[in-house]
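Shown next, in structure tokens, is the structure this report addresses.
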Amino acid sequence: MSTAAPYTTIIGLEVHVQLMTRTKLFCGCSTKFGGAPNTQVCPTCLGLPGSLPVMNRQAFDLALRAALALDCTIAPFTKWDRKNYFYPDLPKGYQISQFDLPFSSDGTLEVVDPKGAFEPRRVGIIRVHLEEDAGKSMHDEAAGTGDTRIDLNRAGTPLCEIVTQPDLRSPQESRAWLNELKLLLVYLGVSDCNMQEGSLRVDANVNLHIPQADGRVAKTPIVEIKNMNSFRSVERALVYEAARQWEEWQATKAEMGKTPKQTRGWDDPAGITRAQRHKEESSDYRYFPEPDLVPVTVTAEQIASIRGEMREPPVSLRKSLASKWTISAYDADVLVNQGRELVDYFEDLATRVGEGKVASNWMQQDVLRILNDTNSTVTAFPIRPAGLADLIGRVVKGDFDTSRGREIFAEMVTSGRPVDEVVASMGISAVSDDDVLALCRELLAANPKIVADVKSGKEQAAAGLIGQAKKKNPNVNPGKVRATCIDLIRAME
Amino acid sequence: MQPLEMSAVDLVAALRQGDITAVQCTTVFLDRIEATNGTINAFLTVDREGSLVRAADIDARRKAGKPLGALAGLPVALKDVLCTNDMPTTCASKMLKGFRPPYDADVVARLRQADAVFVGKTNMDEFAMGGSNENSAFGPVRNPWDLSRAPGGSSGGSAACVAADMAPVAIGSDTGGSIRQPAGLCGITGLKPTYGRVSRRGLVAFASSLDQIGPMARSAADCALIMETIAGHDPGDSTSLSVDVPRYTDLLDKPLSGVRIGRVPEHYAEGLDPEVAKGVEEAFAVLKAAGATVHDVQLPHAKYGIPTYYLIAPCEASSNLARYDGAHYGHRAEPGGHAKKAGGFESPLVEMYCRSRAEGFGPEVKRRIMLGTYALSAGYYDAYYAKALRVRRLIRQDYLDAFQSVDLVGGPVSATPAFKLGEKTDDPLAMYLVDLYTVGTNLAGVGGISFPCGFTKSGLPIGFQLQAPPLAEPLLLQAADRFQRLTDWHRRRPKAAGEVKA
């Protein structure tokens, strides 16, 4: 982060997320990803003559859930509009969207970096509206024919468009905010936010505010960046674009308003943005109210019922998790950021273990390490909470020391077998208190020098006994051996 | 009585009683179509084979004592703007020549369910845009009363086929008068129901907020019979009304005592043909004799009807017709290699769009797409479209206010009887004025009916129109039916068509 930069980077985002509905926004076709081209279509989403749309209320309710979680004001009355433009993947020649009366507006979502890499940022949401997706154009340039193939499976899939205020101040912050937004929408079951499958798409608007010697602030022309297919790309594209605008400013001193808003595409392999060709009719979409649909009304009861069904959003879950299980804010943040399933796993584990801090440590140091190493998710993790709680309980009890426990854990992950079986297969057996006592007496008898040292106050001398104990019985808990030996020596006095 | 001369109500009864088989009935009309369509050009598609198969199936089911639909065996003609999964649906446009929809319109499905027999698809103005049927890409329809004259439009084929006995009933669509005006000019009865009463699903859209499907037949009683089948809620049309469908046929044959009918003095301004004016006044007299009372009412914003309509309808049409771009179905221009040359198209795609639409659409459709595109453009929207919507609300309010003091509003359907083919084709504005008395009904979203109330000295039908409050179709049909029990204008048959027959 270039805090020393002679300018401020001003960023606003436009995010499209596909809602997790079973069927499309205006017809009954499936929204499942990956079907053979043009197999999930009907007269309505094909835009055939005479076909009509009928709103999917489930999609509307999911969008309401997202808007409520973003603290938006919900309009009691909202309508649909047609956005007219010609493109082969838009079979009706218009997209059904929302223009001047979006169903929600004026929200906010805050992002906080737990390590304090940037100041907490509250980002305003201008509006959230619902619209239908277009189909997919696949340009067959490799074949050299210039043919384009159209797949309309996606046409009519419900999309929620979220438009922020230009409140973000750095590429890093923007990426973190997108992560927070994604986390929220996934928590609420609004979208799977899978960027690879196109269920989350981001465009960014960026320019620079440059203080001038006379106290005035010069603003560079706003550039809209498209074609970013990961949050990492968003961050990289913004870093590149801010630097590019700074260079351009130094060369041209061109300010906002003197040139029309430019659209640039992110070229990920090249790591640069490129100017895109201007559309011939700079976006006159001839919006007008969609006459085939009736306006939608939203009552206070409907809002209350949707609120009632909503799970706790990440921002409050972090706080409640920390206080409920007496873990640090940082630990709660790490757990919550891994997603709802991991939090559920943790809470199950913590309940069984009976202590949040211990459960949290195992989650952070052991479970997450494996998940990261194997690039896997907690739902696929081979040890379920009951099995892990069993292991942790025995470590806490002192049956095994922590490093022994880790070995058992690793074997449980690999084999998928429960603690007892793993312990048996590794030849580990728990050592009873009587065995420890007998072993310690034997050691004290054989090591009078150490006994004398301890008696004279050099307790650290007891360490010499532990190595010997381990040799005699690898399953003994070193801490227990040490404590028992010292107790016995004290008792001799 | 011969099937050709029988009402739909009587035909259904004769079929039910076994006086005539569905195959016999269908054959009579198919033969009549074969004999006259070369002259009238009312049909774009005649489905002889399919309709006879369906008729034979109905006869077999009747013979086997199986249950049959309410219209079992009744021949019905469909305006070619209604999607049918077994016949082409062209909207009389080169753009959709040979286009076969994969589904039936809701109305078509309901009629099929009722065991009606579809004899064919009728000619019309291209995409229902026009008032004379001269905008068909497949040639104009001739008025059976005078073959040198237009049948009106846009449902001109549906009106002419009923007038020429080619079908006992036809289905039309009415966006600004397209059922009522041709019904008036062809001497038949046509009902434009309340917006939302009949599902629009599968009706190829012209202007979505104005389009409505309705029956066209020889009498109000026949229209009532068809309405019982085609009206009703369709969950597939969000603008369809969820209101029970009355038994329209049971509500006929009632005196009009106590019914108040409004008369609009502005209707009799300059431009109204004196013979039409006389016919309309005589119709009021008949209704009075039947027990109704007649009162002058005001529709102060009626004079803005035409300009309002000719903004709203083209705006919606410009968007509704965007889908005909050559990319997915319909007419596609062959690549011409004009892209990327100086003065050419900016890309092969844009060239394909432009040339497909230039070749596929006729001049009137293009005119309306341009009007609508212009009026919706940035900087013009408020001055045109938004203002037209405000005036539309005033027009609707005029009607609702008038219906506080009267039950129906009556008057002429058109200012003149049927005009000559070619008479108005060079003057779009004169053509737009043929909708003068009918567009208000659509803008207000209410219902209207048109039926013959006399003939000119030269033998052309004169139409009378009644308009009613939302969902008052029973009263419209009742009043028209009472009128038809007291007069016989609707029983007259055109000589021209008779000559064709010989």
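As the structure is a prediction and not an experimental result, all values here were calculated from the model. Per chain, numbering begins at 1; letters A, B, ... match sequence-line order. Both backbone and side-chain heavy atoms feed into the values below; hydrogens, waters and symmetry mates do not.
- For B:A105, no part sits under 4.5 Å from any heavy atom of chain A, backbone or side chain.
- In this structure, B:K366 is not positioned above the aromatic face of B:F361 in the sense of NZ or CZ being under 6.0 Å from the six-membered ring centre and within 45° of the axis.
- Rounding to the nearest 0.5 angstrom, the gap separating the CD1 atom in A:I74 from the OG atom in A:S104 is 5.0 Å.
- If you tally non-hydrogen atom pairs under 4.5 Å between each of B:A205, B:S377, B:C91, B:C83 and chain A, the highest count goes to B:S377.
- The greatest number of non-hydrogen atom pairs below 4.5 Å with chain B, out of A:C42, A:P53, A:P91, is found for A:P91.
- Note: B:S319 leads B:S319, B:P235, B:A327 in heavy-atom pairs under 4.5 Å with chain A.
- Counting heavy-atom pairs under 4.5 Å between each of B:S209, B:P102, B:A378 and chain A puts B:A378 at the top.
- The most heavy-atom pairs under 4.5 Å with chain B, out of A:F86, A:Y85, A:Y94, come from A:F86.
- Of the two parts of B:Y380, neither the backbone nor the side chain holds a non-hydrogen atom closer than 4.5 Å to a non-hydrogen atom of chain A.
- Contacts between B:N320 and chain A at a heavy-atom distance below 4.5 Å involve backbone atoms as well as side-chain atoms.
- The residue among A:P289, A:P88, A:P49 with the most heavy atom pairs within less than 4.5 Å of chain B is A:P49.
- We find that A:R65 and A:D61 are not joined by a salt bridge, their nearest charged nitrogen and carboxylate oxygen being 4.0 Å or further apart.
- Contact check on B:D106 versus B:R200 returns no salt bridge, with no Lys/Arg side-chain nitrogen under 4.0 Å from an Asp/Glu carboxylate oxygen.
- For B:D382 and B:K387, the salt-bridge test fails: no basic side-chain N is under 4.0 Å from an acidic carboxylate O.
- Note: A:L48 leads A:L152, A:L46, A:L48 in heavy-atom pairs under 4.5 Å with chain B.
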- Evaluate side chain to side chain donor-acceptor pair (under 3.5 Å) for B:T90 paired with B:K121, printing each intermediate quantity in order. CA-CA 9 Å; B:T90 70; B:K121 306 290 289 282; over 6 Å; no

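- Chosen from A:L293, A:V294, A:D292, the residue pairing most often with chain B at heavy-atom distances under 4.5 Å is A:D292.
- With a 4.5 Å cut-off on non-hydrogen atoms, B:T373 touches chain A through its backbone and its side chain both.
- Test A:K83, A:K24, A:K92, A:R82 against A:E132 for salt bridge (Lys or Arg N to Asp or Glu O under 4.0 Å) and you get one pass: A:K92.
- Using a distance-only test at 3.5 Å, with no hydrogens or angles considered, no donor-acceptor pair links the side chain of A:S105 to the main chain of A:I126.
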